[in-house]
K.L.:
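Dropping the structure in here first, questions after.
Letters go in sequence order (proteins before strands), and every chain restarts at 1.
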There are 2 protein chains.
Amino acid sequence: MKYSKATNYALHTIVYMIEQARNEKISVQKLADHFNVSTTYLSKILTQLVKANLIESTTGVKGGYVLSKKVEDISFLDVIYAIEGNAAFFKCEFKDSKCLIHKTMIEAESLMEEYLQNKKLYQVAQNECQGE
Amino acid sequence: MKYSKATNYALHTIVYMIEQARNEKISVQKLADHFNVSTTYLSKILTQLVKANLIESTTGVKGGYVLSKKVEDISFLDVIYAIEGNAAFFKCEFKDSKCLIHKTMIEAESLMEEYLQNKKLYQVAQNECQGE
DNA sequence: GCGTGATTACTCGGATACAAGATGTCCGAGTTTGAGCGG
DNA sequence: CCGCTCAAACTCGGACATCTTGTATCCGAGTAATCACGC
């Protein structure tokens with residue numbers, strides 16, 4: 001039961017983009033250097049963020065990635081869902097919907113997700129840990 | 001980011017034991033039949049619960065497992081920790097302790113865990129999903 | 001009937017096998033910008 | 001100076017390799033109750 005490294009990279013990437021001058025495109029290359037990961041790997045992660053409509057990409061020379069929303073609209077949960085998917089943490093093998101254990105676990109998860117939905121990434125920008 | 005099946009089995013096993021007459025030993029065999037899993041696999045899971053002092057085992061003929069605490073003292077979180085470990089969901093690769101992303105994620109996790117700590121398993125016993 | 005040993009019904013733990021997912025790399029393809037070059 | 005071509009700088013996507021973790025099985029060892037047997 002752990003969040004993947006990819007989620008960590010995704011969160012940091014978005015925060016980094018928030019801290020850049022607005023609407024300035026940024027290349028995978030630059031991000032990868034900054035976080036000290038391979039460009040190809042990071043690009044996979046960014047592709048997932050694009051599919052979730054959190055960022056936009058423009059191809060070709062001078063291409064790169066830009067936030068596609070107002071910074072106030074990007075929550076932790078948005079990024080997490082984009083990378084991890086939005087399936088429930090817990091799934092009862094048995095009677096599922098009627099299972100009280102299942103119900104309890106879902107309630108617990110909801111608490112956490114509600115918090116992460118209300119927490120926006122721009123709130124932690126600046127003074128943020130910036131890779132190595 | 002998902003809880004393992006083992007956690008599901010563990011939670012259901014404890015609930016099942018709560019529903020049994022108190023202090024009555026129960027064998028892996030019986031539990032495995034009930035949940036329709038292999039005895040050897042379930043026994044590994046139970047061993048983890050023993051190590052976490054949630055249940056006790058007695059070996060030999062007429063041996064088996066019994067709860068080792070009062071039912072009011074067994075929380076969801078106890079069982080989850082026993083199986084999943086108590087490591088944090090999220091770990092920042094970078095400056096860790098100073099990272100606000102990390103801090104936020106830990107806060108979110110704490111909310112969930114607090115809920116699961118206060119929720120006891122006997123509260124969902126009875127009317128519970130009992131395997132197939 | 002009483003002690004001793006064998007059998008039986010259990011748990012325990014190590015070794016192993018398999019599958020799935022996370023992590024990461026490689027490479028070829030498509031796309032846009034801009035530079036170079038010829039008329 | 002205009003238009004064409006071509007290279008360069010990007011993203012995109014599929015295929016693949018590797019590692020870790022979860023799931024599951026097998027088997028041999030240890031342990032305690034009970035049964036059987038001999039004295």
K.L.:
Do A:Tyr122 and A:Glu72 have side-chain N/O donor and acceptor atoms under 3.5 Å apart?
P.N.:
no

K.L.:
Are the side chains of B:Glu56 and B:Val50 in contact, using a 4.5 Å heavy-atom criterion?
P.N.:
no

K.L.:
B:Glu93 has an atom CD; how far is it from atom C1' of C:dA22, in whole Å?
P.N.:
12 Å

K.L.:
Whole angstrom is fine here: how far is it from CG in A:Asn36 over to C1' in C:dT23?
P.N.:
15 Å

K.L.:
Taking the side chain as C-beta and beyond, is there a heavy-atom pair between A:Met112 and B:Phe89 under 4.5 Å?
P.N.:
yes

K.L.:
Just so I know, are the side chains of B:Phe76 and B:Val124 near enough to count as touching, which here means a heavy-atom distance under 4.5 Å?
P.N.:
yes

K.L.:
What integer distance in Å separates A:Lys62:NZ from D:dC10:C1'?
P.N.:
12 Å

K.L.:
How long is the line joining NZ of B:Lys5 and C1' of D:dA24, in whole Å?
P.N.:
10 Å

K.L.:
Please state how far atom CD in A:Gln48 lies from atom P in C:dG21, giving the value in whole angstrom units.
P.N.:
14 Å

K.L.:
Check salt bridge (Lys or Arg N to Asp or Glu O under 4.0 Å) between A:Lys120 and all other residues, then give those that pass, not counting sequence neighbours.
P.N.:
none

K.L.:
Take A:Met1 and A:Val61, find for each the nucleotide of DNA chain D with the closest heavy atom, and name the residue whose nucleotide sits nearer the 5' end.
P.N.:
A:Val61

K.L.:
Hey, is the side chain of A:Ser38 poking within less than 4.0 Å of OP1 or OP2 on C:dT25, counting only N and O atoms?
P.N.:
yes

K.L.:
Decide yes or no for A:Val66 and A:Ile55: does some side-chain heavy atom of the first lie under 4.5 Å from some side-chain heavy atom of the second?
P.N.:
no

K.L.:
Provide, to the nearest angstrom, the distance between the CD atom belonging to A:Glu84 and the P atom belonging to C:dT23.
P.N.:
8 Å

K.L.:
To the nearest Å, how far apart are B:Tyr41 OH and D:dT25 P?
P.N.:
9 Å

K.L.:
Report, as a single string ordered 5' to 3', how protein heavy atoms within less than 4.0 Å touch nucleotides 11-18 of chain D: B base, S sugar-phosphate only, - not at all.
P.N.:
SSSBB---

K.L.:
To the nearest Å, how far apart are A:Tyr9 OH and C:dT23 P?
P.N.:
8 Å

